[in-house]
Amino acid sequence: MHSRAEDPDWALIRAIARGDERALERLYQSYGPGLLVYLSGRLGDSHLAEEVLQDVMLAVWRAAPRFRFESKLRTWLFAIARNRAINAYQRKRAPDHLPIEQANRFSGSEMRPLDTRQEKRSTLLEALQNLPRQQRETLELVFMHNFSIQETAMILDVAPGTIKSRLHRAKTALRHDLSDQENADE
């Protein structure tokens with residue numbers, strides 16, 4: 001067992017490891033929506049994302065007895081989801097980014113077509129899509145899904161310093177891209 005404070009969700013994974021289907025259902029209810037948004041963003045296809053989410057839950061059911069309690073359950077789930085999304089992407093050749101039209105669907109807010117906020121949002125989404133995939137994925141995990149540097153490193157299976165570098169490069173590129181865009185609009 002790890003010496004850090006225990007993740008309150010570890011009880012769920014223990015129950016799943018014992019074969020408790022209700023625990024898997026609770027896990028799905030708690031984490032399914034966030035995982036689905038993440039998978040939809042990675043795959044650009046909501047139907048494929050739903051299929052992959054089911055695959056993630058099956059993988060959790062099978063792997064629960066081998067969970068090592070070295071990370072938060074949420075971190076482990078997103079790592080599984082990322083790996084399953086990569087596999088699905090390779091099989092289906094789905095786009096590696098979220099098209100602007102789909103991003104607007106997942107935003108949770110309705111905006112009028114001429115709304116300045118929508119224009120700024122579209123500009124930001126375009127700038128995000130111009131980033132290399134690894135930088136975009138890192139930004140998404142840290143800022144959209146609120147993972148720490150360490151947790152993001154675990155999900156992406158890279159060193160924390162790599163995450164910091166990707167974030168720095170992504171922020172710099174976004175600043176530059178958005179500044180260029182702003183200057184072009186003047």
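Values below: all heavy atoms of this structure, side chains included; hydrogens, waters and symmetry mates excluded.
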Is R14 positioned over the aromatic face of F67, cation under 6.0 angstrom from the ring centre and no more than 45 degrees off axis?
-> no
Non-neighbouring partners of E151 that pass side-chain hydrogen bond (donor to acceptor under 3.5 Å, both in side chains), sequence neighbours left out = K72, S148
Check side chain to side chain contact (heavy atoms under 4.5 Å, CB included) between R62 and all other residues, then give those that pass, not counting sequence neighbours.
-> L58
Could you tell me which residues satisfy side chain to side chain contact (heavy atoms under 4.5 Å, CB included) with A11, sequence neighbours excluded, listed by chain and number?
-> none
Any chance you could measure T138, atom OG1, to I149, atom CD1, to the nearest 0.5 Å?
-> 9.0 Å
For residues 23-30, dump all side-chain donor-acceptor pairs below 3.5 Å to protein atoms at least two apart in sequence or in another chain.
{"unit_1": "Y28", "atom_1": "OH", "unit_2": "Q54", "atom_2": "NE2", "d": "3.3"}
{"unit_1": "S30", "atom_1": "OG", "unit_2": "R26", "atom_2": "O", "d": "3.1"}

Determine, stepwise, if the pair L141 / Y38 fulfils side chain to side chain contact (heavy atoms under 4.5 Å, CB included).
-> CA-CA 8 Å; L141 287 168; Y38 173 74; 3.6 Å; yes
To the nearest 0.5 angstrom, please state how far the CD atom of Q134 sits from the CG atom of L139.
-> 12.5 Å
Here the ring pair (Phe, Tyr, Trp, His ring centres under 6.0 Å) pairs for residues 39-66, sequence neighbours left out, are none
Hey, what do you get for CG (D7) to CZ (F69), rounding to the nearest 0.5 Å?
-> 9.5 Å
Closest non-hydrogen contact found for I155 with T75 is CG1-O, 3.5 Å
Excluding sequence neighbours, so at least two apart, what forms side-chain hydrogen bond (donor to acceptor under 3.5 Å, both in side chains) with N130?
-> D177
From CG (L77) to CG (L12), nearest 0.5 Å | 9.5 Å
Not counting sequence neighbours, which residues clear side-chain hydrogen bond (donor to acceptor under 3.5 Å, both in side chains) with R82? List them please.
-> E137
Report whether L48 and I86 are members of the same hydrophobic cluster (ILVMFWY, side-chain heavy atoms less than 4.5 Å apart, transitive linking).
-> no
Atom CD1 in I80, atom CG in L53: separation rounded to 0.5 Å?
-> 11.5 Å
Would you be so kind as to tabulate the donor-acceptor pairs closer than 3.5 Å made by side chains of residues 159-172, with sequence neighbours excluded?
{"unit_1": "S165", "atom_1": "OG", "unit_2": "G161", "atom_2": "O", "d": "3.1"}
{"unit_1": "T172", "atom_1": "OG1", "unit_2": "H168", "atom_2": "O", "d": "2.9"}

Please report the closest heavy-atom contact between A81 and L35, naming both atoms and the distance.
-> CB-CD2, 3.8 Å
Take R74 and F147 through the test side chain to side chain contact (heavy atoms under 4.5 Å, CB included) and record every step on the way to the result.
-> CA-CA 9 Å; R74 182 172 178 261; F147 282 105; 3.2 Å; yes
Rounded to the nearest 0.5 Å, what's the gap from CZ on R136 to CG on L174? Could you check?
-> 10.5 Å
With sequence neighbours excluded, residues passing side chain to side chain contact (heavy atoms under 4.5 Å, CB included) with A173 | L131
Can you sort out the partners of A85 under side chain to side chain contact (heavy atoms under 4.5 Å, CB included), two or more places apart, ordered by chain and number?
-> L39, R42, L43
